[in-house]
Amino acid sequence: MDVIALVQRFGKPDMFITMTYNPTWPEIKEHLWTTDETQNRPDLISRVFRAKVEELKTDISKRNIFGKIVAFMYTIEFQKRGLSHAHFLIILDNEYKLLTSESYDGITSAELPETYLDKKLRSLVLKHIMHGPCGNLNPTNSCMKKNDLCKFNYPKSFAEQITKGRDSYPIYKRRNTREVVKVWEQYLDNSWVVPYNSFLLGKFNCHMNVKVFSDIKVSPPEAAWRLFGFSISEMYPSIYYLQLHLRGQQFISFKGNTDINTIVNNPMIKKTMLTEFFQMNRIRPSILEKEAKEVFFERTITVSEEDILLHKKLNTKQLKAYNVIIDQVFSKKPGAFFIDDPGGTGKTFLYRALLETARSKGYIALATATSGVVASILPGGRTAHSRFKYLYTLMKISAATSANKVQLQV
Ligand SMILES: Nc1ncnc2c1ncn2[C@@H]1O[C@H](COP(=O)(O)OP(=O)(O)OP(=O)(O)O)[C@@H](O)[C@H]1O
């Protein structure tokens with residue numbers, strides 16, 4: 001989402017750089033103990049790799065090696081076997097955009113450097129930059145898909161000059177010089193060279209893939225979408241990051257020429273999104289609101305026509321219990337009653353009559369049971385743990401005490 005926000009503000013990225021750590025970096029080698037192996041020193045690898053990433057970041061964002069930038073972002077990823085790599089996305093300032101495929105040539109190359117020109121660079125390309133090999137030369141390479149093709153489309157076709165592909169991504173200049181180099185016991189030519197930047201490869205001495213796509217054109221629907229200024233992302237509910245701070249230690253912004261007293265006396269500087277979030281939670285009567293909902297729920301339980309007549313149908317024993325309980329309820333004195341009789345003798349029938357009588361007179365009658373099945377046969381019934389938010393601790397319960405109990409509270 002953050003990257004989309006950057007793209008929305010500054011436009012599409014111009015360059016994509018992947019830097020992979022090199023276990024043979026001198027900074028790693030010289031700090032290994034004689035008994036150490038690189039793979040056993042993730043602490044050292046991480047520190048050195050971080051230093052390299054920081055240096056690359058400085059090259060890009062402060063030394064402006066590709067020109068002035070308006071935005072960049074990077075992520076660090078770790079392959080399963082631990083190879084750390086950093087992906088950088090760079091958005092160049094309009095003035096520095098590379099608007100023709102030809103102008104990419106100065107930034108990236110996808111050919112073997114000529115031996116006599118730069119021996120060191122050539123050895124680095126052979127060491128870090130050659131892809132795979134894959135395909136017939138090495139069918140089990142990790143880039144091979146099920147259809148026996150390389151997912152990065154290597155070996156690439158030869159090209160006399162840099163051109164734009166059908167998808168408007170560049171087809172890099174990879175001339176067929178007939179020159180082959182022996183890498184990983186295979187003879188490889190320019191079709192296996194991953195696009196690289198000579199300066200960065202020379203400086204960082206590691207796998208460093210540099211792709212440029214300033215020139216990528218947008219499709220007509222995308223162009224129209226952007227011209228209309230339609231939003232390219234939305235999320236519901238919205239998520240905001242709140243900047244955390246201690247009490248009274250929030251960042252404030254003010255104009256340099258503002259009098260300090262004016263700043264200090266401005267009531268707005270005491271407010272931040274975080275303080276207002278706390279304030280909102282203080283004001284919002286969330287607990288009261290919940291309670292009000294519960295009361296509303298209980299008061300609006302509909303009593304069926306059948307239940308309204310129940311008290312008139314009670315048998316002698318039921319009526320006796322009914323009268324005792326109802327008298328107690330309407331006398332507004334507390335009381336507790338335990339109804340017991342064999343199954344099917346009319347206990348639930350009695351409870352429903354009691355609930356109806358109390359509710360029809362405007363009382364709140366809570367019907368709870370220890371099991372959901374029993375609760376479901378009582379009008380407005382709920383399990384006791386749900387209604388009263390009991391916290392149960394698991395323990396061994398004897399058969400006698402596990403029988404379902406019904407509780408009516410008025
Ligand atoms: N006074 C009554 N008049 C008509 N039908 C009744 C009366 N009392 C109970 N019944 C009916 O008898 C059946 C069993 O009653 P009820 O379900 O209330 O028993 P119970 O004691 O709660 O049973 P259990 O303990 O198994 O849950 C129900 O169909 C109920 O409608």
Side-chain angles (χ1 to χ4, degrees), residues 236-239 275-410:
Y236 177 81
S238 307
I239 293 175
T275 61
E276 293 316 286
F277 175 70
F278 290 147
Q279 180 66 9
M280 182 191 74
N281 287 333
R282 251 199 302 273
I283 295 167
R284 196 167 60 187
S286 45
I287 294 172
L288 288 177
E289 216 171 56
K290 258 192 198 161
E291 281 178 7
K293 263 192 202 157
E294 304 257 313
V295 170
F296 179 77
F297 169 81
E298 295 296 341
R299 283 202 192 284
T300 51
I301 291 169
T302 42
V303 181
S304 70
E305 284 184 18
E306 187 195 345
D307 280 13
I308 290 171
L309 302 172
L310 286 183
H311 67 279
K312 292 185 181 158
K313 294 185 184 171
L314 297 173
N315 63 29
T316 320
K317 275 167 75 179
Q318 288 166 330
L319 190 61
K320 191 176 170 192
Y322 175 87
N323 286 332
V324 173
I325 295 167
I326 286 295
D327 282 352
Q328 187 78 14
V329 169
F330 293 147
S331 69
K332 299 197 173 166
K333 286 184 200 153
F337 301 91
F338 182 74
I339 311 281
D340 193 21
D341 224 12
T345 49
K347 299 182 291 296
T348 310
F349 197 93
L350 170 63
Y351 302 149
R352 285 166 56 198
L354 290 166
L355 288 167
E356 183 280 322
T357 305
R359 284 172 180 161
S360 61
K361 296 222 173 346
Y363 285 73
I364 287 177
L366 305 178
T368 60
T370 48
S371 89
V373 175
V374 180
S376 69
I377 57 172
L378 296 167
R382 280 178 60 178
T383 55
H385 59 271
S386 155
R387 158 60 61 222
F388 303 116
K389 307 284 180 284
Y390 291 156
L391 289 175
Y392 281 118
T393 42
L394 286 176
M395 53 185 181
K396 225 177 173 183
I397 301 171
S398 72
T401 57
S402 67
N404 284 323
K405 297 285 187 306
V406 172
Q407 246 184 349
L408 306 184
Q409 295 198 355
V410 184

Please name the pair of heavy atoms, one in His311 and one in Leu319, separated by the smallest distance, quoted to 0.1 Å. O-CD1, 4.4 Å
Heavy-atom check, side chain of Lys313 versus side chain of Gln318, under 4.5 Å: no
If every non-hydrogen atom of Gly380 is compared with every non-hydrogen atom of Ile301, which pair is closest and at what distance? CA-CD1, 3.7 Å
Can you establish whether the number of heavy atoms outside Phe277 located under 6.0 Å from its atom CZ is more than 12? no
Aromatic plane relationship, Tyr363 with Phe330 - under 30° parallel, 30 to 60° tilted, over 60° perpendicular: tilted
Donor-acceptor contact below 3.5 Å, side chain Arg359 vs main chain Ala365: yes
Is there a donor-acceptor pair under 3.5 Å between the side chain of Lys320 and the backbone N or O of Asn315? no
Taking the side chain as every heavy atom from C-beta outward, state whether Ile364 and Val295 have any pair of such atoms under 4.5 Å apart. yes
Taking the side chain as C-beta and beyond, is there a heavy-atom pair between Phe349 and Leu314 under 4.5 Å? yes
Hey, are the side chains of Val329 and Leu354 touching, using non-hydrogen atoms and a 4.5 Å cut-off? no
Would you name the heavy atoms of Pro342 and Thr345 that are closest together and state the gap between them? O-OG1, 2.5 Å
How many angstroms lie between NZ in Lys347 and CG in Asp340, if you round to the nearest 0.5 Å? 7.0 Å
Sorted by chain and residue number, the salt bridge (Lys or Arg N to Asp or Glu O under 4.0 Å) partners of Asp341 (sequence neighbours excluded) come out as Lys317
Tightest non-hydrogen contact, residues Ser371 and Thr383, listed as C-CG2, 3.7 Å
If you take all heavy atoms of Ser386 and Arg382, which pair is closest and at what distance? OG-NH2, 2.9 Å
Rounded to the nearest 0.5 angstrom, the OG1-CD1 distance for Thr348 and Ile377 is 4.0 Å
Kindly indicate whether the side chain of Asp307, heavy atoms from C-beta on, has any atom under 4.5 Å from the side chain of Leu310. yes
